[in-house]
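From a predicted model like this one, the values you see are computed outputs, not experimental measurements. We count ligands from 1, going down the list as the structure has it; atoms in each ligand are counted the same way. By convention here, the first residue in the shown sequence is residue 1.
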Amino acid sequence: MNDRISTLLKREPSSEILTAEGWVRTKRESKNVCFLELNDGSTLKGLQIVIDKEALDDQELLDSITTGSSVIATGTIVASQGQSQAVEMSASSLTLVGACPPESYPLQKKRHSLEYLREIAHLRARTNTFGAVTRVRNTLSWAIHQFFQQRGFVWVHTPIISASDAEGAGQMFQVTTLDLANVPKTGEGQVDWHEDFFGRQAFLTVSGQLEGETYATALKNIYTFGPTFRAENSNTKRHLSEFWMVEPEMAFCTLEGNMAIAEEFLKYLFTSVLEHCTEDMAFFSSFVEAGMSDTLGRIIESPFVHLTYTDAVKELEKYNDRFEYPVSWGIDLQSEHEKFITETIAKSPTIVTDYPKEIKAFYMKLNDDGRTVRGMDVLVPRLGEIIGGSERESDYDTLVTRMGQMGLDPADYWWYLDLRRFGTVPHAGFGLGFERLVQYVTGMANIRDVIPYPRAPRLADF
Ligand code: 4AD
Ligand code: MG
């Protein structure tokens, strides 16, 4: 394999003949010289290829090379005469691998809108913005594994097709192979799920948590990292129907330990992206969200603010005239409230805890007050919730009662309840929305621009 352009750009000038491969971003020509900027996605910056037209003597070839063409150049790395790069390649030979007709190529040199680029998602990775997003996404994925692996957490692969509603919120996509035009019925006229592929109803998972808990109560500390699906009809800048979630689960751990690990985790990820994606982060800081690198640097240095839900509501109520949805104890916090807490009240990432039990999932541990649960949401400026988690209810009877109150049938969760029958233990965990993380770190305004092929209501193109 030949060196990638990121490696070539770090080379010292020498007489060694090297090869560069990539796609042409720009071409500039004068009477004697032709300059190509070649990009292969390894860095934001391309390699400048300089062609001495007299030496190459093939104007037809140069004419056939246009923006978007794939090209192989061989030559030597020389010090650049230009201001914007230290080195460039002086080409001795040039091959056009794939032409790119300029009349029909949808990516031109000018800046395209993000909305337009969403329509050509199969080509948008060739732009600076999406190249940078993709590299940051990759670095964050790697850092997630490093963080947990360094701390002895075991990566567990929980199923994507599941029969259980992990959040009990009824937002699952159903998976079926039944002929929808001719659905088999029981004698009572109900759909006969026994005839379906799995012999029962099955769904795409909304979270790997419940299966994750079964492994945490055997291996102590585990994490999942994979795609999850929500059939919620939310057409917002922070919701996807298919998104990736990281879910650590720790046995012998309470809410306090959960909050500590969540904060350490986020700070580790921010540090990692600043360290490994310096150039891309400088790009986001200049063109997407002013000063994002500095903001992350400051966040790493200071402790997150902690607030109970009850205290957060008391603070928010003072500003009720500013909200579309006024706040009072018992309401689910809207994104406008979450953003207000972090941007105006706390001016810091904030962990809100102890929510009313009615607005949180059945598995969260009930507090002694009988009204609130040991849940936590980590909120960040611009976005609101980035992490949701809790200490889990470890008492069998309390959990069964909570399921009943939430309209769930304990029989459906028999295996989950077994964890409370056989060696129950305090345990806790959380879920980090991976795209929310990428969105936060890059400053990208719309979550649909931080995943290669976004899925949302009425959107499953490509
Ligand atoms: O708060 P959520 O629903 O929590 C859970 O799923 C728990 N089972 C996690 C756990 O305790 N193991 O989702 C967790 C995170 C949210 O904080 C948010 O960042 C992200 O997942 N998320 C979404 N991201 C994009 N699109 C959506 N529709 C999302 N729904 C949740
Ligand atoms: Mg949540």
Side-chain angles (χ1 to χ4, degrees), residues 140 144 148 153 156 158 162 164-173 204-216 221-251 253 255 257-259 261-262 265-266 269 309 332-335 337-338 342 349-353 355 359-365 373-380 382-393 416 427-441 444 446-451 454-457 459:
L140 286 169
I144 283 165
F148 288 121
F153 284 60
V156 174
T158 51
S162 171
S164 312
D165 185 351
E167 294 298 304
Q171 292 178 325
M172 298 195 292
F173 288 100
L204 295 180
T205 190
V206 292
S207 152
Q209 179 195 320
L210 304 193
E211 292 90 349
E213 284 184 50
T214 67
Y215 272 71
N221 294 337
I222 64 97
Y223 68 106
T224 71
F225 184 15
T228 50
F229 307 84
R230 303 242 169 134
E232 55 190 326
N233 202 2
S234 298
N235 248 314
T236 78
K237 292 183 171 173
R238 56 175 212 163
H239 286 92
L240 289 167
S241 309
E242 175 179 328
F243 61 98
W244 284 61
M245 192 159 35
V246 189
E247 294 184 278
E249 191 71 32
M250 290 87 65
C253 181
L255 184 66
N258 205 25
M259 290 192 287
I261 199 99
F265 181 45
L266 284 179
L269 298 177
Y309 169 89
D332 203 357
L333 298 180
Q334 303 292 315
S335 82
H337 308 132
E338 294 175 346
T342 54
T350 307
I351 310 186
V352 178
T353 59
Y355 285 81
I359 59 170
K360 287 291 182 190
F362 66 93
Y363 51 69
M364 296 194 182
K365 183 180 169 64
V373 288
R374 304 244 75 194
M376 64 171 208
D377 278 3
V378 182
L379 315 179
V380 291
R382 268 195 299 112
L383 209 64
E385 178 185 346
I386 192 166
I387 282 180
S390 72
E391 183 173 341
R392 318 306 187 188
E393 184 54 73
Y416 184 67
H427 62 290
F430 61 82
L432 167 69
F434 185 58
E435 284 72 23
R436 296 239 177 127
L437 170 73
V438 181
Q439 201 186 349
Y440 181 62
V441 160
M444 295 294 285
N446 195 319
I447 197 164
R448 296 179 188 191
D449 297 329
V450 298
I451 188 165
R455 272 75 181 96
L459 178 70

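Considering each of Phe243, Trp244, Tyr440, the one bringing a non-hydrogen atom nearest atom 23 (C) of ligand 1 is Phe243. Considering each of Lys360, Glu247, Glu242, Glu232, the one bringing a non-hydrogen atom nearest atom 12 (N) of ligand 1 is Glu247. Residue Glu167 holds the heavy atom nearest to atom 4 (O) of ligand 1 of all those in Glu249, Glu167, Gln171.
Close contacts between ligand 1 and Arg238 involve ligand atoms 25 (C), 26 (N) [criterion: under 4.0 Å to a heavy atom]. Which parts of ligand 1 touch Met245 is read off a 4.0 Å heavy-atom cut-off, strictly below it: atoms 6 (O), 13 (O), 14 (C), 15 (C), 21 (O). Taking every non-hydrogen atom of Gly389 and a distance limit under 4.0 Å, the qualifying atoms of ligand 1 come out as 11 (O). Of all the atoms in ligand 1, the ones that sit under 4.0 Å from a non-hydrogen atom of Gly433 are 15 (C), 19 (O), 20 (C), 21 (O). Taking every non-hydrogen atom of Tyr363 and a distance limit under 4.0 Å, the qualifying atoms of ligand 1 come out as 7 (C), 8 (N). Atoms of ligand 1 lying under 4.0 Å from at least one heavy atom of Gly388, given by number and element, are 1 (O), 9 (C), 10 (C), 11 (O), 17 (O). If you number the atoms of ligand 1 from 1 as listed, the ones under 4.0 Å from a heavy atom of Ile387 come out as 17 (O).
Between Tyr355 and Tyr309, the ring-plane angle classifies as tilted under the 30° and 60° cut-offs. The aromatic rings of Phe148 and Phe153 sit tilted, their planes meeting at an angle between 30° and 60°.
For atom 6 (O) of ligand 1, the closest non-hydrogen atom on the protein side is Arg230 NH2, 2.8 Å. Ranking the protein heavy atoms by distance from atom 15 (C) of ligand 1 puts Gly431 O, 3.5 Å first. Scanning the protein heavy atoms around atom 18 (C) of ligand 1, the nearest turns out to be Arg436 NH1, 3.6 Å. Considering only non-hydrogen protein atoms, atom 1 (O) of ligand 1 sits nearest to Glu385 OE2, 2.9 Å. Looking only at heavy atoms of the protein, atom 19 (O) of ligand 1 is closest to Ile386 O, 2.8 Å.
Of the possible donor and acceptor atoms, one in the side chain of Asn258 sits under 3.5 Å from a partner among the backbone N and O of Gly429. Of the possible donor and acceptor atoms, none in the side chain of Asp332 sits under 3.5 Å from a partner among the backbone N and O of Ile359. A donor-acceptor pair under 3.5 Å is formed between the side chain of Glu247 and the backbone N or O of Gly208. Remark: the backbone N or O of Gln209 is paired with a side-chain donor or acceptor of Ser207 at under 3.5 angstrom. Proximity of a side-chain donor or acceptor of Gln171 to a complementary backbone N or O of Val206 within less than 3.5 Å is not detected.
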Practice task
Check the pair Glu167 / Lys360 against salt bridge (charged side-chain N to carboxylate O under 4.0 Å, His left out), numbers first and verdict last.
Solution key: CA-CA 9 Å; Glu167 294 298 304; Lys360 287 291 182 190; over 6 Å; no
Exercise for the section: Could you go through the side chain to side chain donor-acceptor pair (under 3.5 Å) check for His427 and Glu391 one step at a time? Expected result: CA-CA 6 Å; His427 62 290; Glu391 183 173 341; over 6 Å; no
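Inclusion of Val206 in the set of residues having an N or O under 3.5 Å from an N or O of ligand 1 is not warranted. Between Ser390 and ligand 1, a contact under 3.5 Å exists for no N or O pair. Any N or O atom pair closer than 3.5 Å counts here, and Leu240 shares at least one such pair with ligand 1. An N or O contact shorter than 3.5 Å links Arg392 to ligand 1 by distance.
By the neighbour-count criterion of 12 heavy atoms within 6.0 Å, atom OH of Tyr215 is sparsely surrounded, having that number or fewer from other residues, nucleotides or ligands.
By the 4.0 Å heavy-atom criterion, Ala166 is excluded from the residues contacting ligand 1.
A salt bridge does not link Asp449 to Lys237: none of the charged side-chain nitrogens sits closer than 4.0 Å to a carboxylate oxygen. Using a 4.0 Å cut-off between charged nitrogen and carboxylate oxygen, Glu393 and Arg374 do not count as a salt-bridge pair. The residues Arg238 and Glu338 are annotated as salt-bridged, a charged nitrogen and a carboxylate oxygen being separated by less than 4.0 angstrom.
Contacts of His239 with ligand 1, taken as heavy-atom pairs under 4.0 Å, involve both backbone and side chain. No part of Asp377 comes within 4.0 Å of ligand 1, judged by heavy-atom distances.
Taking backbone and side chain together, Asp377 holds no N, O or S atom under 2.8 Å from the Mg ion (ligand 2).
For Glu211 and Tyr416, the side-chain atoms include no donor-acceptor pair closer than 3.5 Å.
Nearest N/O/S atom of Glu385 relative to the Mg ion (ligand 2): this is OE2.
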